[in-house]
Protein chains: 2
Amino acid sequence: MSYLPDTFAALGNTTRFAIVERLLNEGELPAGEFLDIGDVSPPAISRHFKVLREAGIVVQRVDKQRRMYSVRPEVVRGINVWAMSYRQFWQGSLDRLALALEKERGKI
Amino acid sequence: MSYLPDTFAALGNTTRFAIVERLLNEGELPAGEFLDIGDVSPPAISRHFKVLREAGIVVQRVDKQRRMYSVRPEVVRGINVWAMSYRQFWQGSLDRLALALEKERGKI
DNA sequence: CTTATAATTCCTGTTTACGTTAATTAACAA
DNA sequence: TTGTTAATTAACGTAAACAGGAATTATAAG
């Protein structure tokens, strides 16, 4: 069985997706850094991190009173592996699109 | 704004994920072909396809009484583009893992 | 015209998701 | 000790997700 549906379910919430993107761009950050993300309360942030943790998307590191969060690289890589496994499918359509554009260009 | 959270939300259901994987592997199929996927009723299948359509993941083609469904290649490609945009992040961790394994091998 | 097939929509009930305020835990600082 | 900061858990309410059976629509076949 694949773990991907659980991963996607966790990323299928705009607040959590924004959290993950920010962690990906800025690296490890404490939970408190996300209070400005789309007006959510501290309890809401905390529960979103719990969902992300339980889906295996982030890991927590305790530093004094703060909980530092970071994204597990394998997760993003896993998504990439999945999408790449269907590369022939989507690459093919890209090639056909490029070909069609070439032909259009020829007509003009 | 990114459409990815909606895409992930739609794929974050095991039944819908199974539907999409099957369409990716076997190509265009009628809705009725999915009645064996984890004992779901025709209405349930129909509603899952509606979610997938509204998320832009699949397209419908009418053929007599049948509704033929197929995956939009741009969607899978879009997921790939997103994951690839963080390649440095997950590739880096892979390299460190490989290096660690090399060192371990050296010790043995 | 009548029946069968394919899929959907309607109606309804149950579960899950998500947010808020209040209370709690843990660490730090005066 | 007392107060402050960081984050979580508890309790509660509302909205959305999801499922099933019944009814509906559209096409095909006898």
Side-chain angles (χ1 to χ4, degrees), chain A residues 1-23 26-72, chain B residues 1-23 26-72:
Chain A
M1 268 295 122
S2 175
Y3 50 86
L4 270 174
D6 285 333
T7 302
F8 287 150
L11 294 175
N13 171 283
T14 50
T15 303
R16 283 193 295 269
F17 185 76
I19 288 174
V20 169
E21 286 237 290
R22 185 146 166 207
L23 288 175
E26 303 180 29
E28 192 185 48
L29 287 171
E33 276 293 304
F34 296 87
L35 286 167
D36 52 349
I37 268 186
D39 60 5
V40 266
S41 60
I45 294 286
S46 186
R47 272 192 304 274
H48 279 308
F49 272 115
K50 188 180 182 184
V51 172
L52 290 172
R53 256 186 285 122
E54 289 178 349
I57 294 175
V58 302
V59 284
Q60 187 193 63
R61 182 175 68 83
V62 177
D63 170 41
K64 311 294 167 87
Q65 314 105 302
R66 298 189 306 174
R67 307 298 141 89
M68 308 298 294
Y69 287 102
S70 54
V71 176
R72 293 181 54 215
Chain B
M1 265 298 120
S2 175
Y3 50 87
L4 270 174
D6 286 332
T7 301
F8 288 150
L11 293 175
N13 169 285
T14 50
T15 303
R16 283 194 294 270
F17 185 76
I19 287 174
V20 169
E21 286 237 289
R22 185 143 165 211
L23 287 175
E26 303 179 30
E28 193 187 47
L29 286 172
E33 276 293 304
F34 297 87
L35 285 167
D36 53 348
I37 268 184
D39 60 2
V40 266
S41 61
I45 295 286
S46 185
R47 276 191 303 271
H48 280 308
F49 272 114
K50 188 180 183 184
V51 173
L52 290 171
R53 256 186 286 124
E54 289 178 349
I57 294 176
V58 302
V59 285
Q60 189 193 62
R61 180 176 70 84
V62 177
D63 170 40
K64 312 293 169 90
Q65 315 103 302
R66 299 188 306 176
R67 308 297 142 89
M68 307 299 294
Y69 286 102
S70 55
V71 176
R72 292 182 55 216

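By convention in this document, chain letters (A, B, ...) are assigned in the order of the sequence lines, proteins followed by strands, and residues within each chain are numbered from 1.
- In this structure D6(B) satisfies the side-chain contact (heavy atoms from CB on, under 4.5 Å) test with no other residue, sequence neighbours excluded.
- Residues from residues 52-62 of chain B placing a heavy atom under 4.0 Å of any atom in DNA chain D do not occur.
- As a whole-Å value, the separation of L29(B) CG from dA7(C) P is 11 Å.
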Do any side-chain atoms of residues 56-64 of chain A form donor-acceptor pairs under 3.5 angstrom with protein atoms, and if so which ones, sequence neighbours left out?
from   : atom 1 : to     : atom 2 : distance (Å)
Q60(A) : NE2    : Y69(A) : OH     : 2.8
R61(A) : NE     : E28(A) : OE2    : 2.8
R61(A) : NH2    : E28(A) : OE1    : 2.9
D63(A) : OD2    : R66(A) : NH2    : 3.4

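- In terms of heavy atoms, P5(B) sits closest to S2(B) at CD-O, 3.6 Å.
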Could you tabulate the donor-acceptor pairs under 3.5 Å formed by side-chain atoms of residues 47-55 of chain B, not counting sequence neighbours?
from   : atom 1 : to     : atom 2 : distance (Å)
H48(B) : ND1    : R16(B) : NH1    : 3.0

Scoring nucleotides 19-30 of chain C by protein non-hydrogen atoms under 4.0 Å (B base, S sugar-phosphate only, - none) yields BBBB----SS--

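- Applying the 4.0 Å criterion to OP1 and OP2 of dT8(C), one finds that Y69(B) has a side-chain N or O inside that range.
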Given side-chain contact (heavy atoms from CB on, under 4.5 Å), test R22(B) with L29(B) step by step and report yes or no. CA-CA 9 Å; R22(B) 185 143 165 211; L29(B) 286 172; 4.1 Å; yes

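- Here the closest heavy-atom approach between residue F17(A) and residue L11(A) is recorded as CB-O, 3.7 Å.
- Counting to the nearest Å, the P atom of dA17(D) and the CZ atom of F8(A) are 19 Å from each other.
- Residues satisfying the side-chain contact (heavy atoms from CB on, under 4.5 Å) criterion with P42(A), sequence neighbours excluded, are L35(A).
- To the nearest angstrom, C1' of dC18(C) lies 13 Å from CD1 of I19(A).
- Between the P atom of dA6(C) and the NZ atom of K50(B) lies a distance of 22 Å, rounded to the nearest Å.
- Closest non-hydrogen pair, I37(B) versus V40(B), comes out as O-CG2, 3.0 Å.
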